[in-house]
Student: 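This structure is in structure tokens; I'll ask about it shortly.
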Amino acid sequence: MIETRNISKSFGDNHVLKNISVQFEKGKTNLIIGKSGSGKTVLMKCLVGLHEVDEGSVLFDNRNFSGMSFNERKAIRKEIGMLFQGGALFDSLTVEENVMFPLTMYTDQTMEEKKERVNFCLDWVNLEKANDLYPAELSGGMIKRVAIARAISMNPSYLFCDEPNSGLDPHTAGVIDELIKRLTEEFQMTTVVNTHDMNSVIKIGDKVSFIYKGELWWEGDKSQILHTDNQELNDFVFDTELTKRLKKI
Amino acid sequence: MITRFGKYILIMMRVFRKPDKFKVFRNQLIIEINNLGIDSLGIVAIISVFMGAVVSIQTAYNIDSPLIPLTMVGFTTRQSVILEFSPTIISLILAGKVGSRIASEIGTMRVTEQIDALEIMGINPANYLIFPKISAAVLFNPVIIILSMGFGLTGGWLVSVFTGLFTTQDYIDGLRGWFDGFTIIYALIKTVVFAFLITSISGVEGYSVKGGAIDVGEASTRAVVWSSIMIILFNLILTQLLLS
Ligand SMILES: Nc1ncnc2c1ncn2[C@@H]1O[C@H](COP(=O)(O)OP(=O)(O)O)[C@@H](O)[C@H]1O
Ligand SMILES: [Mg+2]
């Protein structure tokens, strides 16, 4: 379980996160939803320590991550996999080398063992025969899948995904969502996913936290979200013309 | 200016750490020696030959008194090439070529979150990305500059072959005359300092990019401008320190 206790974060006068306390549970896909610019990415980067919180603390299974030094954090970082919005694959490395990278840095496995692990991960994301391609040669959906394979190569306990299906067509987006959910359940990871896509919410939202103007506005799951009387959440959920009409029916 | 220097120092403190894994560092070092060093040899050779040739033509044309021996051409070419043209001018050229490359490579990694990805994996990105580049340049630029001296002096000699303004014998006598080995040491000290300036300044510019593609372009320009300014400044300081 990952937990934040009263965390706040500002950039100058811009108070992006205000006093957020939230829990993300093991074996579940925990979604953070909210409009673009509401602070989802900043929250996620605070969780993993890419931003330092101004106040409050972040705990990974009761280990206080916020109070740790760079070297102490290293141990927890090895248990973290993260999928970035644009994939963040290393341009100069092939698909195989990208997925192998954490193994090379942190294990003493032989080339064969590493290759076996890489192929296992690429298999999981349904990417075969792409080992020798470079990121520039991949489609958007493939980039996301390689990035997922890299994120899970060290068999992490915590998986973070920032807008995993942004820039993808609805079908591919659905495939990626499904993949994240299956991985989470199979390997009992604590998964946190940022999204503004209602399709993902309905499909994989075991636990949903709605961020509104930097505050935690609502919490619940995918079945509760359609029947809430919270005004701001309703505005977010039923934002498109189609959903507004459906709501009236 | 002060904040820029502060930022430079802070990032440098993260650069000079023990690499996470030595084998990985060694591979990176070889790649960087290839990218930053070997790749620059072509342009360095061309520029050096022409520089040496121009210095020797200039000197030859300007000797119009019969009291000045033609061996002066070789002597002047040697002194100019070793003391300034190779270490300083070639380093300025490398500031343009290597500096912009480093800043845009690292800057692009910053804006596409590749640096965040390294950090998440528990890797120290400043060390992982910048340290091999600094090491490669500090180790390999002296080789480049020595070669450049060779090319420069060859360029000077070619003038005698093509123009007959002076003889090969004059030129070689000039090259050999009044030689002080310390000039080479002096040139190499400058080279190493300049190599450090170029790679560290450009690395920091790339590393601290915020924003998108336009910001990467700006960082790459700033890297070249600041490296060049610092080379000129340190050239003055080192010359004063080492030759006085
Ligand atoms: N590194 C940063 N420096 C300053 N402001 C930032 C930074 N990152 C994000 N912000 C600001 O924080 C707010 C929330 O951004 P973000 O978390 O990216 O939103 P989103 O919910 O779309 O992911 C925005 O107003 C953005 O301008
Ligand atoms: Mg975002």
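Note on naming: letters A, B, ... go to the chains in the order of the sequence lines (proteins, then strands), and numbering restarts at 1 for each one. Reckoned from all heavy atoms, side chains included, excluding hydrogens, waters and symmetry mates.
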Student: For B:Ile9, I'd like to know if atom CD1 has over 12 heavy atoms of other residues, nucleotides or ligands within 6.0 Å.
Tutor: yes
Student: Does atom CD of A:Glu116 have more than 12 heavy-atom neighbours, drawn from other residues, nucleotides or ligands, at distances under 6.0 Å?
Tutor: no
Student: With a 4.5 Å cut-off on side-chain heavy atoms, are B:Met121 and A:Arg150 touching?
Tutor: yes
Student: Using non-hydrogen atoms only, which part of B:Ile123 is less than 4.5 Å away from chain A: side chain, backbone, both, or neither?
Tutor: both
Student: Are there residues of residues 79-90 of chain A that reach to under 4.5 Å of chain B by heavy atoms, and which ones?
Tutor: A:Ile80, A:Met82, A:Phe84, A:Gln85, A:Gly86, A:Ala88, A:Leu89, A:Phe90
Student: Could you check whether A:Lys45 pairs with B:Glu113 (Lys NZ or Arg NE/NH1/NH2 to Asp/Glu carboxylate O, under 4.0 Å)?
Tutor: yes
Student: With a 6.0 Å cut-off (strictly less than), is the heavy-atom count around CD1 of B:Ile43, excluding the residue itself, greater than 12?
Tutor: no
Student: Where is the tightest heavy-atom contact between A:Met105 and B:Asp20, given as atom of each residue plus distance?
Tutor: CE-CB, 3.9 Å
Student: Count the heavy atoms belonging to other residues, nucleotides or ligands that lie under 6.0 Å from NE2 of A:His196, then report whether that count exceeds 12.
Tutor: no
Student: Verify the neighbour count for atom NZ of A:Lys115: are there more than 12 heavy atoms of other residues, nucleotides or ligands below 6.0 Å?
Tutor: no
Student: Specify which of B:Val24, B:Ile31, B:Asp116 makes the most heavy-atom pairs with chain A at under 4.5 Å.
Tutor: B:Asp116
Student: Which bit of A:Asp91 is near chain B, if near means a heavy-atom gap under 4.5 Å: side chain, backbone, both or neither?
Tutor: both
Student: Is it the case that more than 12 heavy atoms not belonging to A:Glu112 sit under 6.0 Å from its CD atom?
Tutor: no
Student: Measuring only between side-chain heavy atoms, which start at C-beta, is A:Asp108 closer than 4.5 Å to B:Lys21?
Tutor: yes
Student: If you draw a 6.0 Å radius around NZ in A:Lys213, do more than 12 non-hydrogen atoms from other residues or ligands fall strictly inside?
Tutor: no
Student: Are B:Arg17 and A:Phe70 in a cation-pi setup, meaning NZ or CZ lies under 6.0 angstrom from the ring centre and within 45 degrees of the ring axis?
Tutor: no
Student: Counting only heavy atoms from other residues, nucleotides and ligands, does the tally under 6.0 Å from CZ of A:Phe11 exceed 12?
Tutor: yes
